[in-house]
Trainee: 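Got a structure for you, questions after.
Side chains included, hydrogens not; waters and symmetry mates left out as well; all remaining heavy atoms used.
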Amino acid sequence: MANELNLRENQDIQGDVLAGFKKDQMTLLFLTFEDQARARVWLQRLTPRIATTKQVAAFNKAFSEARKRSGGDPKALKATWLGLSFTYAGLEKLAGEVPGRDRSNPEPGSETDSTMAAFEQGPVLRSSHLGDTGANAPDNWVFGNHRQDPNKIIHAVLTIASDTAEDLQAELVAQREAAQEFKITILFQQNAATLSGTRRGKEHFGFKDGVSEPGMHGFDEPDPLQPEWVKGHPGTRIIPAGEFVVGHPRVEDRPNDLPAWAFNGSFQVVRRLGQDVPSWWAQVARLLKELKDKKAVPQETTAEWLAARLVGRWRSGTPVAKCPHADTPFNTVASDDNDITFRDDPDGLITPLFSHLRKTNPRDGLNVLPESDDPKEKNPLSEDPFIDSRRIIRRGSPYGHPFDPAIEGPGGPDAPRGLLFISYQSDLLRQFEFIQKSWIDNENFPPGRPHKPGSDPMVGGNGDISWPDGDIPLSFEQFVQTQGAVYAFSPSISTLKTLSEGRLADTPQPALGRPLDTFLPIGDMHGVEGKSWYWAFHTVGGQQRYRAVSIAHGNDHTDVQERPDREVSQWDSFEGITRIDCIVPFPDRQPENGKRWYWVFHTLGNQQVYRTVSIADGRDHADEIERPDAPLNAWESLQGVTKVDFFLPVPDMQPEQGTQKSWYWVFHTVGADQLYRVVSIAHDDQHADVQERPDRRISEWDSFAGIDRITTVLPFPDPGPNRSLTYYWVFHRDQYRINTIANGSGHLDEVAVPDRPVTLWKSLAANP
Ligand code: HEM
C-alpha cells in the first residue's frame, strides 16, 4: 500500500497543495519585487525552506496519530511551514517571459478563454466576469488591485503557517528582514487564524468549515470495501491528482496543455471575503418571519433551522440531508459526514437547491431531471466524472475576531472579519471560476427546476428566490463581500530552483500518463514464425499496465496486439513496483540455464532504484526476483544519475562482435533536461560497469533534432535495408521516427523516416 501512495513521498510538490498546512495561525504576505537580480537571490535562499508534500504529509500523519493517542492536540508536535506562489507578473519579473503564454488574450468567458489567459489577466481584469462589481469591485479591495499604482503589482504570495502565534511571529520577523535585504516590498499582510473555544473549526457565521475536501489518487488510502472513497471518510471521493497538480492524470485522462514549468505545480486562488455577521443573521430572522407570516413553516421554527438550510449543514457540520429536523448532540450522524445524497431531493425540499452545499458541490443532486417521469433518468451532466473535475482543494481560514453580540450587537459596529479563501486547482476556468460563476452566482442553477433556485444566499449575489415548499418569494441581500483577490501559481520545488536562475522551462511537460513507457523483448520469441514479440508497458489513468505485441520481420513491420492489457502486479518479480521506467537485458545470460536476466529500473516514491530479475524461457515465462531493490549509486557508471530513462546498446560493441564488454548510451533525466553518457558492462559474473564518456545533451545527436525528451528507443528486430546501419524506432511524446546509426567510430546517426503519430502503431492503440 505504501508504494501506491507515492504522492505522500513527493518532494517536488509544495506542501499546502495535497497535504495541507492545516495550521491554527496563518499569514499571507503579498510581495512586490523591486530588483530582479536581488529577488532571484532571495528566491534561491528561500527555496530550501519551502515545505514539501512529503514533509507536511509526514507531520500531519504523526500529529493525527498522537492526537488519537492522547485525545487532544499534541503540544510538543509543532511546525512552521512556508509556501510560495507567484502571479503572472511575478513569473515575468523573474524570468523575463512566461513560456506558454496565451497570446490570443481572449475575452473572459469567451469560447477561446483559457486558464493561462485567466492567470495572466488576474481577478481585476476578470472582475465583471466573476461578479466582483458594486461593493465587491476591485476599487474597494485591500489587496490585488494595482490599477492606480504600477509599483503595487503583486509578484508573489508568501504563506507562513504555524501552530502557535509566537512561532508565526518569529518567522514573520525573519521574513520581513529577508524582504528588506532583497528590496522586496510587502504590499499587504493578511493574517488569519482558526477561531478559539467552541468556535474552533468554524467560520464566522458559526458553521463548521473544511468538512468536504476531495481525496486524491496516490495520496489518500482507499477504503477497502468502497475503493472510490477515502478510508475512514465515507463519501469522500478519491479524484485523480491531476485535477489539483498539473501534469498528473486527470479525470478521464483529459490532457492539460500547460507548459513544462507548471508541472507539479498548482494554481492558487486567494480571496478575502468579508462577512457581515450581524446583518447575515438579521436577514435569516427577517426571512424566517416572512415564512412564518405566510405559514410556509411552523411557528416554532428556529433561525438555526433556516440558517442550516442556507448552508446545507447544521452548525456542527451535520448534513441537513441526513438530519433534517434538528442538530442535536444525540445525532448518530457524524459532523464530518460526507456520505450525502441529494438524489431523492431533486427540488430541494430538504436541502434547498440554493444552499451553499448544493451550489458548490451538487453531488448526485443533478441526477434527476424534474421534467422526466422517470426519477432514475440520468442527466448526462451529473455523472461523477463531471462533478469530480469541478472539485477544488480549500485551504482557507477565518480572519478577524469573532462577532460578539454583547459588544457589537445587532446594528452595532461591525469589525472586519471574514474568510481568507484559498483554493488549489489545476484549471482556473473549469474549477474555481466555474463554481463561482456557473453555480454559486447562477440563479438558474441547477437547471430545469420548477422554480428558479436563486444564487447562493451564503456567499452569492443579491437576488430573489422561491422558497421551495410553497413557492414563497424571498429576496436575499449579499453579506459576503470580496475585499481582495489574487490568482497565483504555486510552482514545484524544481521550478522554484530554475526560476531563481531566471528560467522557466518551456518544453512540454514530462511524459507522465503518456501511452507508452517502455518495451521488453520476449527473449525466446524473437523471430518466431517471422515475427518478434515484446511486452509493451504503458500507463492508463495513472496505472501502469502491459500487453504482448508482435512486430513482423520484413519491409512493413506489421504490428499486432497479441494479448490484452494486464496489471504490472501480475508479475511475481515486479512485486511492490508501481512504475517501471526501463528494463535492461543483461549483455550475457541470454539465456543461461533456461533463464534470461534483466535489470529493472523503477520509481519507488520519488526515487529510482533497480532490482535484478530473471524470466524463464518457455510458455509460462516464469519470473522471479534474483536480487532485491538497490540504490542507483550501486552502479559505478551511474554516479550522479537520479533517473535512468533507457539504455541504448551501441550497435557494434556487443557480445555478437566478440567484445569482452558491452557498451551503451544511457539516457537519463536531470531536472527538465535529458542527458546521455556512455557506459560499459563487462561480460563476467561481476558485470563491472564503467562510465566511459561524460554526460552530454541529446541535442548533440543529429537524428534527435527537434526532440526535447525521448520516451524510449526500440531497435528493429531484423536487419534493415542497409546492413552497415542499425535501425531504431525513437518514441518521443506522441510521435515516433525511425533513425539509423552507422557502425564504426563516430557512429553517425541520421533520421531515416521523420516523425509520425504513435497512433499509427495499431498494437499500441488504447483499448476500450
Ligand atoms: C465567506 C465565504 C464562505 C463561507 C463562510 C463558506 C462556508 C462554507 C461552509 C460552512 C461549508 C460547509 C462545510 C464544508 O463542507 O467544508 C462550505 C463548503 C464548501 N464551500 Fe464554502 N464558504 C465560503 C465561500 C466559498 C466560495 C467562494 C467557494 C467557491 C468558489 C466555496 C466552495 C465551497 C465548497 C466546494 C464546499 C464543499 C461543498 C461540499 O463538497 O459539500 N465556498 N463552505
Side-chain angles (χ1 to χ4, degrees), residues 14-17 20-31 51 80-87 122-124 130 132 135-136 138 140-145 154 156-165 168-169 171-172 175 186-196 199-213 266-277 280 356 360 392-403 414-425 428 432 435-436 440 458-459 478-490:
Q14 290 200 37
D16 199 24
V17 183
F21 290 164
K22 301 178 185 170
K23 295 293 180 208
D24 283 352
Q25 306 289 328
M26 178 162 70
T27 288
L28 263 48
L29 296 179
F30 298 92
L31 310 173
T80 297
W81 302 127
L82 298 182
L84 185 60
S85 58
F86 294 89
T87 60
V124 173
L130 283 176
D132 286 330
N136 299 307
N140 301 325
W141 294 359
V142 294
F143 61 77
N145 182 11
I154 295 174
V157 183
L158 178 64
T159 302
I160 308 173
S162 227
D163 288 288
T164 66
L168 184 112
Q169 194 55 33
E171 187 61 50
L172 197 53
Q175 292 303 333
I186 299 173
L187 297 173
F188 194 80
Q189 173 177 335
Q190 178 64 58
N191 299 334
T194 46
L195 304 182
S196 53
R199 293 186 168 103
R200 193 170 168 75
K202 295 185 172 160
E203 49 72 46
H204 281 291
F205 292 143
F207 294 83
K208 184 163 172 170
D209 202 1
V211 181
S212 169
E213 290 290 351
S266 185
F267 286 98
Q268 184 195 43
V269 174
V270 181
R271 285 166 81 76
R272 175 169 144 144
L273 301 174
Q275 289 175 268
D276 180 348
V277 176
W280 191 83
H356 186 56
T360 54
I392 52 177
I393 296 177
R394 290 174 297 142
R395 297 284 182 232
S397 185
Y399 67 90
H401 292 293
F403 171 68
D414 194 20
R417 65 173 60 84
L419 179 72
L420 179 60
F421 175 92
I422 299 173
S423 70
Y424 290 103
Q425 51 272 299
L428 287 171
F432 167 73
I435 296 178
Q436 181 72 48
I440 290 183
M458 191 173 189
V459 301
Q478 189 186 18
F479 294 111
V480 166
Q481 192 192 338
T482 313
Q483 297 175 346
V486 172
Y487 282 172
F489 187 80
S490 298

Trainee: Quick one, I422 and L28 - any side-chain contact, counting heavy atoms below 4.5 Å?
Mentor: yes

Trainee: Of the non-hydrogen atoms in L82 and F21, which two are nearest, and what is the gap between them?
Mentor: O-CZ, 3.6 Å

Trainee: If you measure from OG1 on T360 to CD1 on I392, what distance do you get to the nearest 0.5 Å?
Mentor: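 Output value for this atom pair is 7.5 Å.
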
Trainee: How far apart are the C-alpha atoms of R417 and E203, what are their side-chain angles, what is the distance that settles it, and do they pass the side chain to side chain contact (heavy atoms under 4.5 Å, CB included) test?
Mentor: CA-CA 10 Å; R417 65 173 60 84; E203 49 72 46; over 6 Å; no

Trainee: Using atom types as modelled and distance alone, determine if a side-chain donor or acceptor of R395 lies under 3.5 Å from a backbone N or O of V17.
Mentor: yes

Trainee: Do S490 and S85 have side-chain N/O donor and acceptor atoms under 3.5 Å apart?
Mentor: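 No - no donor-acceptor pair under 3.5 Å links their side chains.
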
Trainee: Taking 4.0 angstrom as the limit, do K23 and D16 come out as a salt bridge?
Mentor: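 Salt bridge absent between K23 and D16.
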
Trainee: Tell me whether the centres of the aromatic rings in F489 and F86 are closer together than 6.0 Å.
Mentor: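 Centroid separation for F489 and F86: 6.0 Å or greater.
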
Trainee: Applying side chain to side chain contact (heavy atoms under 4.5 Å, CB included) to H204 and R199, what does each step give before you reach the verdict?
Mentor: CA-CA 8 Å; H204 281 291; R199 293 186 168 103; over 6 Å; no

Trainee: Is there a side-chain contact between S162 and W81 (heavy atoms, below 4.5 Å)?
Mentor: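 No, too far: nothing below the 4.5 Å cut-off.
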
Trainee: Show the nearest heavy-atom pair for residues A156 and L84, with the distance to one decimal.
Mentor: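 Here A156 and L84 meet closest at CB-CD1, 4.2 Å.
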
Trainee: Output the distance between atom CZ (R272) and atom CD (Q483), rounded to the nearest 0.5 Å.
Mentor: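 So the gap between those two atoms works out to 4.5 Å.
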
Trainee: Quiz question: by atom type and distance under 3.5 Å, do the side chains of Y399 and Q275 form a donor-acceptor pair?
Mentor: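 No - no donor-acceptor pair under 3.5 Å links their side chains.
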
Trainee: Side chains of F267 and F432: closer than 4.5 Å at any heavy-atom pair?
Mentor: no

Trainee: Do I186 and L31 have side chains that get closer than 4.5 Å, going by heavy atoms?
Mentor: yes

Trainee: Going through the distances and angles, do D209 and K202 end up as a side chain to side chain contact (heavy atoms under 4.5 Å, CB included)?
Mentor: CA-CA 5 Å; D209 202 1; K202 295 185 172 160; over 6 Å; no

Trainee: Minimum heavy-atom separation for T194 and S397, please, with both atom names.
Mentor: N-OG, 3.8 Å

Trainee: Would you name the heavy atoms of N191 and Q189 that are closest together and state the gap between them?
Mentor: OD1-NE2, 2.9 Å

Trainee: Do you see a donor-acceptor pair shorter than 3.5 Å between the side chains of N136 and Q478?
Mentor: yes

Trainee: Side chain to side chain contact (heavy atoms under 4.5 Å, CB included) between Y487 and V269: does it pass, once the steps are laid out?
Mentor: CA-CA 5 Å; Y487 282 172; V269 174; 3.9 Å; yes

Trainee: What are the two closest non-hydrogen atoms of F479 and F205, and how far apart are they?
Mentor: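 Minimum heavy-atom separation between F479 and F205: O-CZ, 4.3 Å.
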
Trainee: With under 30° as parallel and over 60° as perpendicular, where do the rings of F188 and F143 fit, or are they tilted in between?
Mentor: tilted

Trainee: Any side-chain donor paired with an acceptor under 3.5 Å for S423 and Q425?
Mentor: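 Result is yes, a qualifying pair exists.
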
Trainee: Do R271 and D132 make a side-chain contact, defined as non-hydrogen atoms from C-beta onward lying under 4.5 Å apart?
Mentor: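 With C-beta onward as the side chain, the pair touches.
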
Trainee: Between D24 and R200 (salt bridge meaning N to carboxylate O under 4.0 Å), is one present in this structure?
Mentor: yes

Trainee: Do the side chains of Q25 and T27 get nearer than 4.5 Å, heavy atoms only?
Mentor: no

Trainee: Kindly indicate whether the side chain of L158, heavy atoms from C-beta on, has any atom under 4.5 Å from the side chain of Q175.
Mentor: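 A side-chain contact under 4.5 Å exists here.
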
Trainee: Do L168 and D163 have side chains that get closer than 4.5 Å, going by heavy atoms?
Mentor: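 SC-SC contact between L168 and D163 ruled out.
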
Trainee: Rounded to the nearest 0.5 Å, what separates atom CD1 in I154 from atom CG in L29?
Mentor: 11.0 Å

